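Structure, as structure tokens:
We use all heavy atoms of the structure for the numbers below, so side chains are in, but hydrogens, waters and symmetry mates are not. Residue numbers begin at 1 in each chain, while the letters A, B, ... track the order of the sequences. Everything quoted here is computed from the prediction, not taken from an experiment.
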Number of protein chains: 4
Amino acid sequence: MARNKKQDIISTAARLFAQHGFEDTTTLGIAREAGVTEPLLYYHFRGKDEIFSLVIREFFTQYREMVQKLPAHTSTGFEKIANLIRMHVEISATHPHQAKLILSACPAMLIRGYSVCWEVLENQKNLLNEYLQKTLREGIESGEFKDYPIPETVAVLRCLINGIFRNKVMHNPEDAAYEEMAVEFCKSSLLRDN
Amino acid sequence: MARNKKQDIISTAARLFAQHGFEDTTTLGIAREAGVTEPLLYYHFRGKDEIFSLVIREFFTQYREMVQKLPAHTSTGFEKIANLIRMHVEISATHPHQAKLILSACPAMLIRGYSVCWEVLENQKNLLNEYLQKTLREGIESGEFKDYPIPETVAVLRCLINGIFRNKVMHNPEDAAYEEMAVEFCKSSLLRDN
Amino acid sequence: MARNKKQDIISTAARLFAQHGFEDTTTLGIAREAGVTEPLLYYHFRGKDEIFSLVIREFFTQYREMVQKLPAHTSTGFEKIANLIRMHVEISATHPHQAKLILSACPAMLIRGYSVCWEVLENQKNLLNEYLQKTLREGIESGEFKDYPIPETVAVLRCLINGIFRNKVMHNPEDAAYEEMAVEFCKSSLLRDN
Amino acid sequence: MARNKKQDIISTAARLFAQHGFEDTTTLGIAREAGVTEPLLYYHFRGKDEIFSLVIREFFTQYREMVQKLPAHTSTGFEKIANLIRMHVEISATHPHQAKLILSACPAMLIRGYSVCWEVLENQKNLLNEYLQKTLREGIESGEFKDYPIPETVAVLRCLINGIFRNKVMHNPEDAAYEEMAVEFCKSSLLRDN
DNA sequence: TATGAATGAGAATTCATTCAT
DNA sequence: AATGAATGAATTCTCATTCAT
């Protein structure tokens, strides 16, 4: 635990930012919970902002890896899209803090002109765009998907996925498993024959 | 301009909260921009929190009215859903501040246990749920829509609409009009014959 | 109740000052509880200070009347001193608020150089001095009391009475009726034969 | 002077609280007079309240020590009571500030439900009670004192002592040395043979 | 690498008091 | 006699950040 204090600080900050947001997480709070003193924060990092940036980037890195680890070869092209949807639902359950951080703290910082957040949001957009573009292109070429215009369809799918992600994370997940309905919904639209 | 100072305060606060978020909007800032002195805020309102609540609620009231003013009688049932989608895209263009406020400041406050925000988010959910439920039920009964399970379909549509709304508001609206694609997408899924 | 608003203000202020002290009683609080608006306070009085002065003086007037109404003719001279002691114990029970005001709020204001309080405390001192001086002088002349030096004895008796008064008012009156012991105590000291 | 800033703050606060009371002593005032900046108060203490508590408790500790240092062995039992009376007169001369603080600021805070003050007042009561109880019991057993009921006599003596203490502290000590009269007064009452 | 002490800059809030009517 | 609206002047407290060691 006391091995790497620098990492301790980041982990603690990550948790606190996720639990209380940026403003309500104080440098003193981070220091205390990490078992260090405040000046050490300033020895290791340039300031609160930098810590926040690092935390955000770390989370995004994990997120990107999850997306990139999705199976590249599936029985059908549509399965890839279904996987993407299911993955987001899963993250909302397994990484609620991180998800909340990106979905709540990030937009709040965006409004204040925080470049890291803008950057992360942009990256997430691009990441999904690439994944979806490739999948759609291949599916259309193979005749599996209808011949929808790709950029627009990608945008729609992205909105849907992000919408589901946010809904799962922010709302108490009372409204039961509608994710398979989402999968079905996309299938109806995308597949040529159904 | 100096007619009703109370309203001036609310309007100014609304703008500032939307532009800079809750934390970065100071009571002094609101007062200055509204052309009044700080203590007047405390004469008219209980504090910063109350002002924020009022602003949020006011915006939500406008939003609800817009949804409720959507035409109740349309040529097809699906048209109602298309209208709902288009309405959100429109709001993102005509009321960017308000939209940003609800989409950014609200989630940020949620994380801090702010009941107004929770309340508004819940209300928005219920508002859309009602609208969509009714539309779907009628469409299914009339045979226009496929016989999807209503609660799940409602949830999916809500996520899609919110996703589009957020995407339009938060991202620079570079990626052109994909909203008609979204309409098309829903049509493909929902309509029995297409 | 709404007959004489000016008097309502004083009564309300009296109660609030006694309950919460000078600082924690706000002009708005007085106005609200008296069922009037703040500016009316300033129409009738010069300010919070004046109200406080009036209240204090009113209470002291009542107090003086009580002292002056003590029976002038008693079987023995000592009885007058016993009466004075008992009267203070009685006030502490019948007028706890007023007593608290004079014993708590007044000293607190004294420290801040408040002339009314100084005045009232001085007056109370003189009032008791006169009463005791006269009683002692007569008792000594008649041979009932020992030939103690009057000013010093007066001072001691005054301290004792005020001490009892304060103790009764401020402490929860758990420690039972020691007042008759006080009477006995004085009797032992003062009376020539016992 | 600038050696131990924490102690400087307490000393300064003590003086200011005694001179101007709780409300009229501001944190900024304390800081300025102590030659430090305001936030330092909040680094060392939790807030104004805590500083006040510490000051009050520190004074009471001194007071208790003085009482406890009174000679345990005296030629007569009554001498102990005389010592207690004289000690209070002495304190009023040597520690006017501290005495004023406990006699003025404390009651004022009591009315506002300040537990420290209640605690200190209660402790002072118990301290005197113990001292007086022991002295009286021994004196009665040895036949030096009359066989008065102890609790009541203790209460009376306590009231007298506190009354003298307060009178000495609050009033300009014009009325000369009546303390020996008080001693005499008690002696007359308490001693079996005089 | 680490810290105890310290601070500049502000933030929200309160309150006695006044002005215009 | 009465008030709704308004304010000047404080006041307590917080926080990111730095300095000396």
Side-chain angles (χ1 to χ4, degrees), chain A residues 2 4-6 9 22-31 34-52, chain B residues 2-6 8-9 22-31 34-52, chain C residues 2 4-6 9 22-31 34-52, chain D residues 2-6 8-9 22-31 34-52:
Chain A
N4 191 347
K5 294 200 179 185
K6 188 168 177 178
I9 292 170
F22 183 80
E23 297 290 347
D24 281 4
T25 300
T26 68
T27 49
L28 182 58
I30 297 173
V36 302
T37 57
E38 261 184 306
L40 195 61
L41 262 57
Y42 290 84
Y43 178 79
H44 284 301
F45 310 98
R46 218 166 310 164
K48 195 185 175 187
D49 286 11
E50 194 185 37
I51 300 180
F52 185 72
Chain B
R3 219 62 302 221
N4 191 345
K5 296 199 181 185
K6 187 169 179 179
D8 286 356
I9 292 171
F22 183 81
E23 296 291 345
D24 281 5
T25 300
T26 69
T27 49
L28 183 58
I30 297 173
V36 301
T37 57
E38 235 185 329
L40 192 61
L41 303 197
Y42 293 86
Y43 174 73
H44 285 300
F45 310 99
R46 226 174 316 229
K48 196 185 173 186
D49 285 12
E50 195 187 34
I51 299 180
F52 184 73
Chain C
N4 191 345
K5 295 200 179 184
K6 187 168 178 180
I9 292 170
F22 183 80
E23 296 291 347
D24 280 5
T25 300
T26 69
T27 49
L28 183 58
I30 298 173
V36 302
T37 58
E38 262 184 306
L40 194 62
L41 262 56
Y42 290 84
Y43 178 79
H44 284 303
F45 310 99
R46 218 165 311 164
K48 194 185 176 189
D49 285 11
E50 195 185 36
I51 300 181
F52 185 72
Chain D
R3 221 58 302 224
N4 191 345
K5 295 200 182 185
K6 186 169 180 179
D8 286 356
I9 292 171
F22 184 81
E23 297 291 344
D24 280 7
T25 300
T26 70
T27 49
L28 183 56
I30 297 173
V36 302
T37 57
E38 232 187 333
L40 192 61
L41 303 197
Y42 293 86
Y43 174 73
H44 284 301
F45 310 98
R46 223 171 318 218
K48 195 185 174 186
D49 284 13
E50 194 186 35
I51 300 180
F52 185 74

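In this structure, F/dT11 forms a base pair with E/dA12, meeting either the Watson-Crick or the G-U wobble geometry with both donor-acceptor distances under 3.5 Å. Under the Watson-Crick or G-U wobble criterion, with both distances below 3.5 Å, E/dG4 is paired with F/dC19.
Computed from coordinates, the A/Phe52 CZ to F/dA16 C1' distance equals 16 Å when rounded to whole Å. For the pair B/Asp24 CG and F/dA16 P, the interatomic distance rounds to 13 Å; values are reported in whole Å. B/Lys48 places its NZ atom 19 Å from the P atom of F/dC13, with the value rounded to the nearest Å. Rounded to whole Å, the distance from CG on D/Leu41 to P on F/dT12 is 10 Å. Rounded to a whole Å, the CZ atom of D/Phe22 is 13 Å from the P atom of F/dT11. The interatomic distance linking B/Glu23 (CD) with E/dG10 (C1') rounds to 13 Å, in whole Å. Going from atom CD1 of C/Ile51 over to atom C1' of E/dA16 covers 11 Å, rounded to whole Å. Between B/Leu40 atom CG and F/dA9 atom P the separation is 17 Å, expressed in whole Å.
The side-chain tip of A/Lys6 does not point at the ring of A/Tyr43 from less than 6.0 angstrom away and within 45° of straight on.
Contact between the side-chain N/O atoms of A/Thr27 and the OP1/OP2 oxygens of F/dC15 is not found at any separation under 4.0 Å. Side-chain N/O atoms of D/His44 include one lying less than 4.0 angstrom from OP1 or OP2 on E/dA6. Considering only side-chain N and O atoms, D/Tyr42 lies under 4.0 angstrom from the phosphate OP1 or OP2 of F/dC13.
Closest to the C/Tyr43 side chain, of the nucleotides F/dT7, E/dG4, F/dA1, is F/dA1.
Projected onto DNA chain F by closest heavy-atom contact, C/Glu38 and D/Leu28 fall at different nucleotides, the more 5' of which corresponds to C/Glu38. Ranked by how close their nearest DNA chain E nucleotide is to the 5' end, C/Thr26 and A/Pro39 are led by A/Pro39. When the nearest nucleotides of DNA chain F are assigned to B/Thr37 and A/Asp49 by heavy-atom distance, the more 5′-ward of the two goes with B/Thr37.
When all heavy atoms are compared, the tightest approach of A/Glu23 to A/Lys48 is O-NZ, 4.0 Å. For the residue pair A/Leu41 and A/Val36, the shortest heavy atom distance occurs at CD1-CG2, 4.0 Å. The shortest heavy-atom contact between D/Ile9 and D/His44 is CD1-CD2, 4.3 Å.
Using a 4.5 Å heavy-atom cutoff, the side chains of D/Thr27 and D/Tyr42 are in contact.
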